[in-house]
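Just so you know, ligand 1 is whichever comes first in the structure, and atom 1 is the first atom listed for that ligand.
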Amino acid sequence: MVKSAVLGYPRIGVGRSMKKIIESYWAGNASAEQLQETAKSVRKERWETIKNAGVDIIPSGEFTLYDQLLDHSYNFGVIPERYASQQLNGLDTYFAMGRGRQDKAKGVDVVACEMGKYFDSNYHVVKVPHAPNTEFKLNQNQQLAEYEEAKALGIITRPVIFGPITYLSLVAKSREAPADFEPLSLLDKLLPVYKELLSQLKGAGVEHVQIDEPILVLDKAEAWGSEYKKVYEALAPVAPKITITSSYGRVGKSIEYLKSLPIYALHLDLDREPKQLDEVLAALKSTDINIELGLVSGRNIWKTDLKAAKALAEKAVSELSSERVNVSTSSSLLHTPISVKVEKKLTSEQLSWLSFAEEKCEEVAALAQALNGKESSLFEQNTKDIAARREFERSSDSAVRDRVASISEEMLSRKSPFATRREAQKKHLNLPKFPTTTIGSFPQTKEIRQARAKFTKGEITKEEYEKAMEAEIQNAVDFQTKVGLDLFVHGEPERNDMVQYFGEQLNGFIFTQLGWVQSYGSRYVRPPIVVSDVSRPSPMTVRWSAYAQSLTDKPMKGMLTGPVTILNWSFPRADVSKEVQSKQLALALRDEVVDLANAGIKAIQVDEPAIREGLPLRKADWDNYLTWAVDSFRLSTSGVGDDTQVHSHFCYSDFGDIFPSIQRLDADVISIEASKADLKLLDVFKSYGYSNEIGPGVYDIHSPRVPGEQEIKDRLEAMAKVLPADNLIVNPDCGLKTRGWKETEESLSNLVAAARWARSSLVTA
Ligand code: MET
Ligand SMILES: [Zn+2]
């Protein structure tokens, strides 16, 4: 019998109940008991949903109040001194590690542990620092506690835990640790804790555990055969039967050692990498390792093509037998919204395309049933819905398709090389050396958000709303005049979000009302969905930028979100490649860039903060991605004359390893987040160089702290040592929308003063 399994489920609760209770606990408006009560009821709601969907193997132990990786560190007793010494109770210590804690009256001021993107998703894990002297002890057995909690409800679960190698690969290394220290060297110290945890599970009658080892899909894991052997030979004798999961990519050459591990089953991500099935089946055939086929995507929001999934599974069944095959999700469902059923504004056709967490559980169950010879009504309906979707896909926008097909080499390059453009831009913009500018947004005040809410609810007219936004723009222009900046921005008051704002004005996108997905902690996002060919029915930003320019003689910088970032922060469609979708977006933006230039906008910034996060997990796949990503950006920005200054902006990631691709974008000016990484990027600039103009952020906008004038001067001086001073521009490291006006004024005044000092004191060509 083929069984169905789900690897993990969203933790945010129906109606975002976890966000509400956690934030009110933080604000002191709910007690720890109330928080735990809600958490318990959300766990119950999740288990019951999965069970009622007909799933056989239900996960437990992967619920979290903040982040699952943080839970592991906390449960293993890894609590760095700066948190342990605060004398907080357990829950507050845990939250302090996740988000920092400030309590001026009590003299408490600790920063959070660093966060990092989880594989190539927009989910962030909390990376607790480890050092050679880190000790582990089993603080609490969350997997056992949740197993017992579910059992008391009559639900038998499969506890989930990160494997020790994945755990140690994801955590941070302490700043105090020697440079050559790798957390993986702590493996021997960590293993006893895993043994204890797993033997407790076995003692409690747990039959089967799921050990998540997504690190297996990275190139570096191919060299870890002896580590994997050591770990699983130590754990298997004391543990319940073990299924290892390998979400987000392919196991590649690691199958050579995986096939000899003493495990019950190996899970594969067949959503991302269906082609790996044959090779893995061949490797496992002569072993007694079973296979769990991750056929229902944990990463997208599309209905699974169950017929196609069934065909793939049948191949495995015929190779191995139905006793040795289970079907499951490709990863935890944490990357998907909870349920399609609550969406009230989508058409029934649109709804028939979609499948969120709850529906994906139903799909896995229906798939197992079908493989066991019983095609349910859901399976039949699915076949019809998929056929209808295929039909819809055929109704493509031929004008858009033709335009993508006829993209020429010429369209990917500006007319002249940078040196020539630079001269033209100097005349056109007339900026001083060390020009000062900002990244685009100014404080999104309560008034702005209220005006938008009123407009959305129909309480004010479009004209009233636009008047209010114009007043904000006037205010931003006055502010910049007063502070003395050189290259102005309009401030982006009219934008709800840098991706959604464009998605709403483009053809080809739809939006959910409640499709929230956890980004980190209690922060959830609602990504737009690309459903069909993308085009721009009319200009999107020109009226705002032109209005802003009409208020001042200083040059106004137009502000757009780039094609790669729009795509990476949306749910892409599954029927055409991301490359094609990105180029469709690029063409739409290209028209916008040209329209802005024609409206008298002399500098145009196309933001690409998400270009790094879309980078494939395997190095062999990098080139392909970087080629189309860079081409898309160039396509969107190359339609204008030499005298238009094209800017781009990067943040949220470590750009070191793709810096050569950033150079290939050939933007006239880039700004890049650098202040948080302690100017680590300076080394990157030193080794790669950068030929165009560049503004490494001179201060961190992620905190209300005001940087001193001297501190900014020091940074400029440090930059001028590794980059030609003549190429430097002066800007904060990201947009200011989360800041208040007061600190913004103080910070930018210091920035302007530092730039003026640089003009007379730093050597320029
Ligand atoms: C995450 S990057 C943000 C860039 C955008 N232009 C802003 O200033 O907010
Ligand atoms: Zn940014």
Element-labelled atoms of ligand 1 that are located less than 4.0 Å from some non-hydrogen atom of [X]:
X: C651; answer: 1 (C), 2 (S)
X: G735; answer: 7 (C), 8 (O), 9 (O)
X: H649; answer: 2 (S), 4 (C)
X: E492; answer: 5 (C), 6 (N), 7 (C), 8 (O), 9 (O)
X: K737; answer: 9 (O)
X: G440; answer: 8 (O)
X: C734; answer: 1 (C), 2 (S), 3 (C)
X: M498; answer: 1 (C), 2 (S), 3 (C)

- prompt: Please state which protein non-hydrogen atom is closest to atom 4 (C) of ligand 1 and give its distance, to 0.1 Å?
  reply: D607 OD2, 3.3 Å

query: For E466 and K462, what are the C-alpha separation, side-chain angles and deciding distance, and is it a salt bridge (charged side-chain N to carboxylate O under 4.0 Å, His left out)?
result: CA-CA 6 Å; E466 293 187 344; K462 184 160 179 260; 3.6 Å; yes

field: Quiz item: cation-pi between R11 and Y123, 6.0 Å / 45°
entry: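 Yes, R11 and Y123 form such a contact.
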
query: Cation over ring, K557 on F488, under 6.0 Å and within 45°?
result: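 Because its charged atom misses either the 6.0 Å distance or the 45° angle limit, K557 does not stack over F488.
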
message: Need the atom name: nearest N/O/S atom of H649 to the Zn ion (ligand 2).
response: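 The atom in question is NE2.
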
message: Working to the nearest 0.5 angstrom, can you tell me the gap between Y625 OH and D621 CG?
response: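 The CG atom of D621 is 12.5 Å from OH of Y625, to the nearest 0.5 Å.
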
query: Does an N or O from L736, backbone or side chain, lie closer than 3.5 Å to an N or O of ligand 1?
result: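 No, no N or O pair falls under 3.5 Å.
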
query: Does the N or O separation between S441 and ligand 1 drop below 3.5 Å for any pair?
result: yes

Ring centroid separation for [X] and [Y], is it under 6.0 angstrom?
X: Y66; Y: Y520; result: no
X: F650; Y: F655; result: yes
X: Y248; Y: H335; result: yes

- request: Could you walk me through whether E608 and T565 pass the side chain to side chain donor-acceptor pair (under 3.5 Å) test, one step at a time?
  value: CA-CA 5 Å; E608 286 291 18; T565 295; 2.6 Å; yes

